[in-house]
Amino acid sequence: MAYRSTRGSATHVLFSAAITQGLARDGGLFVPVRWPAIDASALQSAPLSAVASELLASFLEGDALAPQLSTIATEAFNFPAPLRPLDADGRVSVLELFHGPTAAFKDFGARFLASCLTRLRANASRRLRILVATSGDTGGAVAAAFHDKPGIEVVVLYPKGLVSPLQERQLTCWGGNVRAFAVRGTFDDCQRLVKAAFRDEAIQAACDLSSANSINLGRLLPQMTYFAATSLEVLRAHGEPASFIVPSGNLGHATACAWAKRVGMPIDRIVLAHNVNRTMPDFLISGDWAPRPSIATPASAMDVGDPSNAERLRDMFPNLASLRQAVSAVSVESEAIAPRIRAGYAAHGQIWCPHTAVAAEAYARLSGNERVSKRWVLAATAHPAKFREIVEPAIGATVPLPRSLAALMDRPTASTDIEPDIAALRASLG
Ligand SMILES: *Cc1c(COP(=O)(O)O)cnc(C)c1O
């Protein structure tokens, strides 16, 4: 399988080159040159590692890593993604994607990418520096996945003061080959700096550069796996396709869902659940792409004003009518988040993080007919303990820390403050 840039430059690359570069040379994002057709009925629906290696085989066809795909998938997908029904007949369920080491769904993509890059770099003469902009969870997942991997260095850029205390700990507690920069700005500034670094000759000259944001194909492709596995599980249990409500920020998660549908998985509706950062919902209404500064909300991992992966979705559905057919979007106000967490706890005894609550609120706003005529799956993107400052007052109870997070509490932390400009980044990288 070859990949091309969304910006149209003619060069095609294979999977390994695409994930090593991160971003195409013309600044575009890598997408497959054609869509493989996968026979869903022949796929296993469990375990996730088996789904991943069958589903992704055609995406790695011809690539140097293809023979190792099943080992990579087994190494990366070593934790479950259980589907928990909210009602007796399974009309609506929550897909818990937060049972990995950093308790957010980003562990799936980050661990897969780390397994791939570690193998690719085993005999490289130059160091690989991975730059990652994070609104909170990506940086932690990437740092954990790459910590102590030889020949690879991770630099995390996060918006100072705009991530939760536990998230900050997950970004800054590693040491060794992981450095954390607290950028005096927003997530969008961090993302802009990463993109600027790829165009900066001095930074490029120092070592090989890659990115581990969801602009990197090596994170996006593995995220198709749990959408595929879940849709197959729903189909086999109920004879109906699954419709997903996806908490969305940079739109990597939602793009992976749309890709899974495109290659033949039994997926019906895809609803993008955004907070008040409504660039995508507004685009679907107006057809004007108008990125804007991000607004801080309780669902902070989705505070993205210029979502990168919209470029992939728009490449896939170049006209507005087809995009509107493929996805719909809801924007949820910050004031609605805590009440939805409270309602979920009261009605179902489930504790949701603020992002999952945005999806649950989007579900509650569907028409009654839509709710009963489809099989809905709400993607639960993070463990509620990561956002205990918001969740605990909402439910009036404490949220126990998962063991993997508790283990980080004793480590020392370190980070460097930087201004949101490329000269500051260049200087701090050294
Ligand atoms: C990253 C993240 C999201 C948004 O995912 P995108 O792929 O950026 O749209 C939602 N919820 C949580 C908890 C996240 O960490």
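For ligands, and for the atoms within them, numbers begin at 1 and follow the listed sequence.
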What protein heavy atom sits nearest [atom], and how far away is it?
atom                    : result
atom 7 (O) of ligand 1  : H253 N, 2.8 Å
atom 8 (O) of ligand 1  : N250 N, 2.8 Å
atom 11 (N) of ligand 1 : T381 OG1, 2.8 Å

Pair Q191-S308, side-chain donor/acceptor within less than 3.5 Å: yes
Pair T6, E311: side-chain N/O donor-acceptor within cut-off below 3.5 Å: yes
Heavy atom of F105, distance to ligand 1 below 4.0 Å: yes
Heavy-atom gap P247 to ligand 1 smaller than 4.0 Å: yes
Enumerate the atoms of ligand 1 whose separation from the nearest heavy atom of [X] is less than 4.0 angstrom.
X    : result
G252 : 6 (P), 7 (O), 9 (O)
S248 : 9 (O)
K106 : 1 (C), 2 (C), 3 (C), 14 (C), 15 (O)

Below 4.0 angstrom, N of the basic side chain to O of the carboxylate: do [X] and [Y] qualify?
X    : Y    : value
R111 : E75  : no
E361 : R365 : yes
D421 : R192 : no
D208 : R121 : yes
K386 : E168 : no
D282 : R278 : yes

Polar atom proximity, M302 to ligand 1 (N or O, under 3.5 Å): no
Check: D137 N/O within less than 3.5 Å of ligand 1 N/O: yes
L251, portion touching ligand 1 at heavy-atom distance under 4.0 Å: backbone
